[in-house]
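Only a predicted model underlies this, so the values are computations on that prediction, with no experimental measurement involved.
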Amino acid sequence: MTSSVKGYTLLEVLIASLIFSAMIFLATLALDQSLKQYQSLIKRGLNFWEDSKILWLQRSLSSALDYYVYEERKNFWFPFFIGKNNLIAYISLSPFSKDLPVLVVLKREIASDGKESLVYYELPIYTLNFKDIEKILNFEEYKKGTPIIFLEGLESLDFKFYGYDRFKRFYDWFSEYESSKSFYLPSIVKVEFTKEGVKDSIYGIINVQNLRKTFYNEFYKK
C-alpha cells in the first residue's frame, strides 16, 4: 500500500527559510527606522521648546519698560531696574500671564548637585510703588508665582549689563547695574552660561529709553 503523505524537499525548506528571514529583516529594518524617526521628532520637539524659552527670555528683556518709581528716602524718581550677580528685576510688557505690565525676576538658583539654573518669576505690577517692589524682592514674595526654568544643569551662570555711566559720561559693561544710580535702563543685558563644558550667551536689547521721562524729578517733585 502506497502512502499519500508527501514531505517537503530540501530546496523548498531553504526557499521558505530565506523568505522568512527576509521578512524578519525587513520588519526589523522598518522598526529601527520608525524608532529613529520617533527619537528625531522627540529631540526636535525638545529643542523647539528650549529654543522657544530662549526666544521668550530675549523678548521679555527687550520689552523692559522704563517704569518710574519714587525713592522716598532720597526724594527722587527713577526707572526701575536692578541687576545683580544672582538676580535681575525689571518691569516687562511681555508677560506669560494676561496682566500688563509685570514685575519680572530672573534668579540664579543652585540645586543640591551644585548645578545652576536660570528661573523666571513674574507678578502683576498694577500700581506697585518702590516700597512694595522692595518688599517683594527682599522677602522673595515673587516666588509665590509659578516658576519657569529657562536654563538648567549649568556649570556657571553670570549676568552682565551694558549701560550709561552718568558720572564718567560713557557707556560700559557692569557686573551690577542699578537704575537708581544711573537714572537709565541698561541698553543690553547679557546672560552668560556654561553647560556641558560649552560656553554660550543670550543677549537682551532693551529698546525703551524715553528721555522725556528723565525730567520726572523736575516736574513731579513730592
Side-chain angles (χ1 to χ4, degrees), residues 56-110 117-150 157-168 172-191 204-222:
W56 193 276
L57 173 60
Q58 290 176 317
R59 180 182 174 186
S60 176
L61 287 166
S62 298
S63 299
L65 176 68
D66 51 350
Y67 181 87
Y68 270 70
V69 291
Y70 186 71
E71 169 59 275
E72 293 183 354
R73 290 162 297 191
K74 298 180 180 179
N75 192 32
F76 62 77
W77 293 86
F78 67 95
F80 176 76
F81 185 96
I82 294 177
K84 299 182 178 180
N85 62 347
N86 67 332
L87 177 145
I88 304 175
Y90 56 95
I91 309 301
S92 177
L93 289 174
S94 290
F96 276 100
S97 64
K98 295 180 181 179
D99 300 287
L100 289 173
V102 291
L103 168 65
V104 172
V105 176
L106 294 173
K107 184 77 181 294
R108 178 169 63 91
E109 298 185 354
I110 302 175
S117 299
L118 178 61
V119 186
Y120 174 99
Y121 300 92
E122 71 176 26
L123 286 176
I125 191 71
Y126 297 125
T127 55
L128 294 179
N129 56 36
F130 185 56
K131 275 188 176 180
D132 297 328
I133 295 174
E134 276 192 316
K135 181 185 174 185
I136 289 170
L137 296 177
N138 291 335
F139 293 96
E140 296 188 336
E141 292 181 2
Y142 54 84
K143 289 190 174 180
K144 292 178 181 177
T146 304
I148 300 170
I149 301 176
F150 277 114
L157 176 64
D158 293 296
F159 304 134
K160 296 288 175 57
F161 311 94
Y162 186 77
Y164 184 70
D165 188 327
R166 69 188 185 94
F167 298 107
K168 297 180 180 178
D172 201 358
W173 284 100
F174 301 89
S175 57
E176 293 193 359
Y177 190 96
E178 293 193 28
S179 56
S180 60
K181 297 177 181 178
S182 66
F183 291 97
Y184 293 96
L185 300 181
S187 300
I188 304 172
V189 177
K190 182 180 181 182
V191 180
I205 311 298
I206 297 178
N207 300 310
V208 178
Q209 294 282 8
N210 192 335
L211 297 180
R212 291 183 180 179
K213 288 186 178 181
T214 57
F215 295 102
Y216 252 64
N217 289 300
E218 295 182 22
F219 296 112
Y220 298 99
K221 286 188 179 294
K222 288 192 177 183

Distance col, row Asn86:CG vs Lys107:NZ, nearest 0.5 angstrom, shows 6.0 Å
Report the residues that fulfil side chain to side chain donor-acceptor pair (under 3.5 Å) with Glu71, sequence neighbours left out, ordered by chain and then residue number.
Arg73
Judged by atom type as modelled, is there a donor-acceptor pair below 3.5 Å linking the side chain of Arg108 to the main-chain atoms of Ser117?
no
Testing the basics here: between Ser182 and Tyr177, what is the closest heavy-atom pair and its distance to 0.1 Å?
OG-OH, 2.9 Å
Taking C-beta and beyond as the side chain, do Ile88 and Val189 meet within less than 4.5 Å on heavy atoms?
yes
Are the side chains of Val104 and Tyr120 in contact, using a 4.5 Å heavy-atom criterion?
yes
Are the side chains of Leu118 and Leu106 in touch, meaning some heavy atoms are under 4.5 Å apart?
yes
Can you name the nearest heavy-atom pair linking Pro124 to Val102, along with the distance?
CA-CG1, 4.1 Å
Spatial distance of atom CZ (Phe161) from atom CD (Glu178) [nearest 0.5 Å]:
10.0 Å
Using the test side chain to side chain donor-acceptor pair (under 3.5 Å), find all partners of Ser179 that sit at least two apart in sequence or belong to another chain.
none
With sequence neighbours excluded, what pairs up with Lys131 under the side-chain contact (heavy atoms from CB on, under 4.5 Å) test?
Glu72, Asn129
So, taking the atom named CG in Leu93 and the one named CG in Leu65, what distance separates them when rounded to the nearest 0.5 Å?
4.5 Å
Considering all heavy atoms, the nearest Glu176-Lys84 contact:
CG-CA, 4.1 Å
How many angstroms lie between CD1 in Ile133 and CD1 in Ile82, if you round to the nearest 0.5 Å?
8.0 Å
Taking side chain as C-beta onward, heavy atoms only, is Leu157 less than 4.5 Å from Val191?
yes
Using the test side-chain contact (heavy atoms from CB on, under 4.5 Å), find all partners of Leu123 that sit at least two apart in sequence or belong to another chain.
Ile136, Tyr142
Would you please indicate yes or no on a ring centroid separation below 6.0 angstrom for Tyr67 and Phe80?
no
Report yes or no: does Ser62 contribute a side-chain atom to a donor-acceptor pair with the main-chain N or O of Ile205 at less than 3.5 Å?
yes
OH on Tyr68 to CZ on Phe183, rounded to 0.5 Å:
8.5 Å
Residues Arg59 and Ser94: closest non-hydrogen pair is NE-OG, 3.4 Å
Closest non-hydrogen atom pair between Leu185 and Ala64, with its separation
CD1-O, 4.2 Å
The side chain to side chain donor-acceptor pair (under 3.5 Å) partners of Lys190 (sequence neighbours excluded) come to Glu192, Tyr203
Test side-chain contact (heavy atoms from CB on, under 4.5 Å) applied to Asp172 - qualifying residues, sequence neighbours left out
Phe170, Phe174
Indicate yes or no: at least one non-hydrogen side-chain atom of Asp158 is less than 4.5 angstrom from one of Asn85.
no
Roughly how far, to the nearest 0.5 Å, is CG of Asp66 from CZ of Phe81?
12.5 Å
Could you list the residues that satisfy ring pair (Phe, Tyr, Trp, His ring centres under 6.0 Å) with Tyr164, not counting sequence neighbours?
Tyr171, Tyr184
Is the distance between the ring centroids of Tyr162 and Trp173 less than 6.0 Å?
yes
Can you see which heavy atom on Ile206 is nearest to which on Pro186, and at what distance?
CD1-O, 3.3 Å
Among residues at least two apart in sequence or on other chains, which ones pass side chain to side chain donor-acceptor pair (under 3.5 Å) with Ser60?
Tyr90
Once salt bridge (Lys or Arg N to Asp or Glu O under 4.0 Å) is applied, do any residues pair with Glu109, and if so which ones, sequence neighbours excluded?
Lys143
